[in-house]
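Since the structure is predicted, the reported quantities are computational estimates derived from the model, not experimental observations. First listed ligand is number 1; within each ligand, the first listed atom is number 1.
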Amino acid sequence: MSRRSLFELGELAEVGARALADASAEQVIAWAVDTFGGRFCLASSFGDAVLADLVATVAPGVDVLFLDTGLHFPQTLALRDEVARTLPLRVRSVRPARTLDEQAREHGPELWDREPQRCCALRKVAPLAGALGDYDAWATGLRRDESPTRADAPVVGLDARRLKVKVAPLARWTQADVDAYVDRRRLPRNELVALGYPSIGCAPCTRPVAVGASARSGRWARFEQTECGLHG
Ligand code: SF4
């Protein structure tokens with residue numbers, strides 16, 4: 001399947017958004033696979049395995065991109081490896097252009113402690129943009145209930161910055177839906193969740209949160225930042 005124009009992608013996103021207004025997560029994934037074939041992928045940070053399991057059930061063989069910043073918790077890498085071993089998906093670890101040492105030489109040590117936005121741009125945003133060059137559409141596990149910044153996230157939309165269609169099959173799900181699905185399907189878990197980490201990113205920028213606090217309040221807790229730039 002050849003690469004589509006921005007106009008074409010915009011039309012497809014509009015059609016999808018209308019058709020999938022009340023669709024289940026499985027129906028959203030099926031539409032994306034039918035529409036984009038091998039030019040559709042999933043991006044996962046492996047805080048859980050829910051979307052990977054749904055995609056593997058609906059369309060085995062889909063590519064899964066994991067942004068391997070070099071700063072993830074071992075529990076996250078363990079879940080990534082478990083998913084790669086047990087589900088019929090092709091997990092691709094996408095690495096930044098610079099190693100951590102090269103980044104430290106260029107920008108100083110521990111950039112995440114001084115300029116997390118720049119660190120995210122180098123270790124997440126740019127690598128995702130490069131990896132998505134092989135695709136016309138991508139799926140993300142983001143949910144509206146995770147934070148006020150995500151409250152209006154569309155299920156299907158045009159990712160105009162990257163010239164892709166972006167789908168969020170779990171946008172309407174709640175944390176309770178996720179927990180129930182993990183239990184029902186007996187999925188492997190990211191062990192940090194049970195330790196109070198409902199939203200998991202890189203180790204230096206993720207803290208456990210108090211019961212009842214916003215899921216993403218443990219991310220970049222010392223900074224104004226609430227998003228890494230992948231979704232904004
Ligand atoms: Fe860097 Fe933190 Fe962003 Fe990871 S989450 S890329 S360590 S600033």
Side-chain angles (χ1 to χ4, degrees), residues 41-52 64-81 83-84 91-133 138-150 153 159 161-162 164 166 168 170 175 178 189-210 213-232:
C41 69
L42 160 65
S44 177
S45 56
F46 290 107
D48 62 61
V50 170
L51 191 52
V64 181
L65 307 182
F66 172 69
L67 299 175
D68 190 352
T69 61
L71 292 154
H72 284 289
F73 291 99
Q75 293 91 336
T76 299
L77 301 179
L79 181 59
R80 174 200 62 182
D81 294 345
V83 165
V91 178
R92 294 177 53 193
S93 288
V94 177
R95 298 197 171 82
R98 295 169 182 78
T99 65
L100 288 168
D101 284 346
E102 288 167 344
Q103 179 171 301
R105 278 199 290 277
E106 203 168 317
H107 298 280
E110 302 185 349
L111 184 60
W112 49 87
D113 264 350
R114 294 174 286 109
E115 289 185 79
Q117 202 68 256
R118 184 188 292 258
C119 184
C120 284
L122 293 167
R123 308 202 76 74
K124 289 185 172 181
V125 178
L128 179 67
L132 284 178
W138 65 296
T140 163
L142 72 76
R143 305 194 319 268
R144 293 171 183 165
D145 76 337
E146 290 175 306
S147 73
T149 56
R150 298 183 170 190
D159 179 355
R161 180 161 52 121
R162 302 185 181 92
K164 310 291 170 196
K166 178 176 167 185
L170 307 183
Q175 184 62 53
V178 168
R189 299 166 194 265
N190 187 318
E191 291 174 5
L192 290 172
V193 174
L195 300 176
Y197 294 77
S199 174
I200 303 164
C202 296
C205 302
T206 308
R207 297 283 176 270
V209 305
S214 160
R216 291 183 64 81
S217 60
R219 306 287 295 276
W220 306 283
R222 292 189 301 109
F223 297 91
E224 295 284 307
Q225 182 172 335
T226 56
E227 296 283 349
C228 55
L230 294 179
H231 301 298

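- Counted within 6.0 Å of CD on Glu191, heavy atoms from surrounding residues, nucleotides or ligands total 12 or fewer; the atom is thus considered open.
- Within 6.0 Å of atom CZ in Arg92, more than 12 heavy atoms from other residues, nucleotides or ligands are found, so the atom counts as buried in its surroundings.
- How far CG of Leu100 is from OG1 of Thr69: 7.5 Å, rounded to the nearest 0.5 Å.
- Aromatic pair His72/Phe66: ring centres closer than 6.0 Å.
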Go through Leu122 and Arg118 one step at a time and tell me if the side chain to side chain contact (heavy atoms under 4.5 Å, CB included) criterion holds. CA-CA 6 Å; Leu122 293 167; Arg118 184 188 292 258; 4.2 Å; yes
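- Annotation: side-chain hydrogen bond (donor to acceptor under 3.5 Å, both in side chains) contacts of Ser147 (sequence neighbours excluded): Thr149.
- Near ligand 1, Leu71, Trp112, Pro116, Cys119, Cys120, Arg123, Lys124, Cys202, Cys205, Trp220 each place a heavy atom less than 4.0 angstrom from the ligand.
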